[in-house]
Amino acid sequence: MFKKAVEAKAQQRLSGADRKKLKRTIRDRFPRASDADIDALLPPKAEITVSKFQNRVHVYGVEGGFPLFFNVDGRGSEIYPTVFALWKLPEMLPYFMLKGGEVSRFVIGGADLMFPGISVAAEGLPSFSAGEPWAVKVPGNPAPIAVGSTTMSSAEALKAGLRGKALRIMHYYRDLLWQSVEGHYVPNSGFLEDVVLEDPCFLASNQPSDSSEGATCESDVPDVQQSCVNNENTEGSIDVNGAISDACAASMQNDSENAAKEITTDASDLKSTANVDAAKLDIELSSLSIEDVDSHLDRCLLQALHTTVKDKDLPMPGSTLWSNHVLPCRPSGITLDIKKSSHKKLSKWLQAKTSTGLITVKEDKYKKEAMLISVNRGHPEYLEFKPEKRPVEKVVQAGDSAASESHSQKVLEVVEVYKSSVHVNPIFASVGADTGKLYSASEATDIVFKYIEKENLVKQTNKATVVLDATLCDALFKGAIKKGSTYPTEIHKKDLGATFINRMQAHHMVTRGGESVVRKGVLKTVQIMTERRQGNKKVTKVSGLETFLIDPEALASELQKKFACSTTVAELPGKKGLEVLIQGGVIDDVARHLLEQYGIPKRYIEVLDKTRK
């Protein structure tokens, strides 16, 4: 789930209704967790944020803290706790215990958990159904190292002889979700290292190599420690996905008991630290007076206007200004809440700043939302403010300027290429050319002229004319001449190249950055169309983006911010591919954006405005 880096499209705070819905979903999906446990993870007075990724994954957490839950489908039906949450509440999920530390090397390398790697208790395999969330633990360690979904029920597993895949791993220790916050906030300085691995075999392999990526626990396991994995010289050892000898297991058990005590202490420290942090948060919020909150709001707004709010991004919704620009500029350790200010509402605060002349705000009559129209950069408050030179926390996808930089680095290159067909195969075979290779127009022309030179087909009395023999005449005209018509006996050299290329299979190669694709046929254009909907509203449709290696979801997100309008992505009716729907008549702006930001040539952009008479 988190093996590949995926950029977050947006990050925002949850509203009160969404917070209640999230807690209700967690309570229903994880009955082992009590209301007090859920409040310990998601304190009632703390702000809860959600990060939305392009692969539809939603990650929830307390603002400024660890990610605690993630939703794999974006609908709320498949929600899982992160390893961070399970360290605070290890018993939130039922768990599979691994047979040995060697198996854990594959789990934290990204492999799914197989049944032979699970330690089954004497009372038998626990009961479970397919699709249930389960955790993974190593012997002697109360802290889970991974979380996933069961692939089959316990009855099906017993019927299969406890073979095959048991758990599809969704998230594990040191994956990209872990690395995104590792080192930013550590409740206990030794916790990150102590919590993981307790037995010698695991400690020797807690950094998975590239070769173990994607491996399965049923595969043969290479030796990591001669003392722990040596099936040839140790009597009584067992072969189980990282088999360990009885002697090694006994020594591991003693070390595990000591480590387990340390880890339990660390886990308790984490719980107490979380409680202390929640208490500090309550004290911090209550200690800030209304005047202090107003002062912080004004400073954060001025900091945002100086550093991140650009004139080309205007107009901008007030909610975007707040979440993407004002909040990231707040001082570390300060939680801003507009409800704690004298204005109580975001719209009233923006109107108050409008009355001072610093900004201009108007209400969108359709969205019923305040829109930032302009910034008065000659205002005394703006000129007197000295912006802090510090890195600003970015909580959403990079803006239009960042998109411009990323796309400028990925220059688009379009090349028309051709492949030999049944018509011209004899020509290629005669000169020894590869019929399965792709050729440019000049290379294909060189082949036909090489054949002419080989067969000496240039007319002696007129060097600009080529005499057609049977092979070349069939290659150029067979099937293209109507029945009853006479086949030509010669052709001018200037017409030969184009005629020969037209008889080949047309392909096109599109390259953007390090990604390249070759498709059969003529290159299709990007189609931009504006039409009217009911109520005399305009909508702009953009299709054919996949041809130029453009992600429709990413483009929709860019245009939504650039034009301050709603955008959606839908499947093309009756066709393969996706189209981007943009509210409003922005056909010229979209064409200009594709030309400037994505480098699509004008000849490949087709524009149709159905609203013009």
Side-chain angles (χ1 to χ4, degrees), residues 1 4-10 51-58 71-75 77-78 396-400 402-404 406-407 410 412-414 507-534 537-611:
M1 182 61 64
K4 296 182 180 179
V6 180
E7 187 179 4
K9 293 195 299 184
S51 298
K52 299 180 180 181
F53 292 83
Q54 294 181 355
N55 57 359
R56 297 184 180 179
V57 175
H58 291 183
N71 182 6
V72 299
D73 60 356
R75 302 174 183 173
S77 57
E78 293 189 41
V396 295
Q397 186 180 6
D400 203 44
S404 175
S406 64
H407 292 312
K410 298 181 178 180
L412 175 69
E413 182 180 357
V414 179
H507 290 68
H508 59 273
M509 180 185 298
V510 180
T511 304
R512 184 183 295 280
E515 187 178 1
S516 181
V517 63
V518 178
R519 296 188 179 95
K520 187 177 180 180
V522 180
L523 187 64
K524 297 181 179 179
T525 60
V526 173
Q527 298 176 344
I528 309 175
M529 179 176 62
T530 298
E531 60 184 16
R532 293 189 186 275
R533 292 283 178 90
Q534 57 181 353
K537 295 181 180 179
K538 294 182 180 180
V539 62
T540 303
K541 299 181 178 180
V542 186
S543 60
L545 298 169
E546 297 87 350
T547 303
F548 297 91
L549 305 180
I550 299 176
D551 183 10
E553 295 280 356
L555 178 64
S557 179
E558 289 178 25
L559 299 181
Q560 180 181 19
K561 184 174 182 180
K562 183 178 181 66
F563 302 138
C565 62
S566 63
T567 60
T568 57
V569 178
E571 293 185 0
L572 283 170
K575 301 179 182 178
K576 289 185 179 180
L578 301 173
E579 66 175 355
V580 178
L581 304 179
I582 309 158
Q583 183 183 18
V586 291
I587 187 169
D588 295 330
D589 296 324
V590 172
R592 189 179 305 109
H593 183 80
L594 294 177
L595 179 65
E596 297 175 354
Q597 302 295 335
Y598 289 91
I600 301 179
K602 285 185 178 180
R603 65 181 183 274
Y604 294 124
I605 300 178
E606 183 180 347
V607 176
L608 176 61
D609 191 348
K610 292 186 177 180
T611 62

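Hydrogens, waters and symmetry mates play no part in the numbers below; they use all other heavy atoms, side chains included.
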| task | Tell me, with the steps shown, if Val510 and Leu523 meet side-chain contact (heavy atoms from CB on, under 4.5 Å). | result | CA-CA 9 Å; Val510 180; Leu523 187 64; 4.0 Å; yes

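Here the options are Val539, Val590, Leu608, Ile587, the test is side-chain contact (heavy atoms from CB on, under 4.5 Å), and the partner is Thr530; only Ile587 passes.
Counting all heavy atoms, side chain and backbone alike, Val580 lies closest to Ala556 at CG1-CB, 3.9 Å. Between His507 and Lys520, the shortest heavy-atom contact is CD2-CA, 3.5 Å. Here the closest non-hydrogen pair linking Thr511 and Ser516 is OG1-OG, 3.1 Å. Minimum interatomic distance between His508 and Val522 (heavy atoms only, all atoms of both residues): ND1-C, 3.8 Å.
We find the CD-NZ distance between Glu546 and Lys524 to be 10.5 Å, quoted to the nearest 0.5 Å. With values rounded to the nearest 0.5 angstrom, Arg512 atom CZ is found 6.5 Å from Ile600 atom CD1. Separation of atoms CZ (Arg533) and CD (Gln583) is listed at 10.5 Å; rounding is to 0.5 Å. Expressed to the nearest 0.5 Å, how far CG of Leu572 lies from NZ of Lys541 amounts to 9.0 Å. Interatomic distance, CG of Leu578 versus CD of Glu571, reported as 6.5 Å (0.5 Å rounding). Separation of atoms CG (Leu549) and CG (Leu412) is listed at 7.5 Å; rounding is to 0.5 Å.
Listed by chain and residue number, Pro601 satisfy the side-chain contact (heavy atoms from CB on, under 4.5 Å) test with Arg603 (two or more places apart in sequence, or in another chain). By the salt bridge (Lys or Arg N to Asp or Glu O under 4.0 Å) test, Asp609 is found to be paired with Arg612, residues two or more places apart in sequence or in another chain being considered. With sequence neighbours left out, the side chain to side chain donor-acceptor pair (under 3.5 Å) criterion links Arg519 to no other residue. Applying the salt bridge (Lys or Arg N to Asp or Glu O under 4.0 Å) rule to Arg532 yields no partners; only residues at least two apart in sequence or on another chain are considered.
Evaluation of the ring-ring contact (aromatic ring centres under 6.0 Å, His included) test over residues 545-570, restricted to residues two or more places apart or in two chains, returns Phe548-Tyr604. Screening residues 575-585 for salt bridge (Lys or Arg N to Asp or Glu O under 4.0 Å) gives no qualifying pairs among residues at least two apart or on separate chains.
Side-chain atoms of Val542 and Val526, non-hydrogen and from C-beta on, do get closer than 4.5 Å to each other. Contact annotation: the side chain of Asp589 never approaches that of Leu559 to less than 4.5 Å [non-hydrogen atoms, C-beta and beyond].
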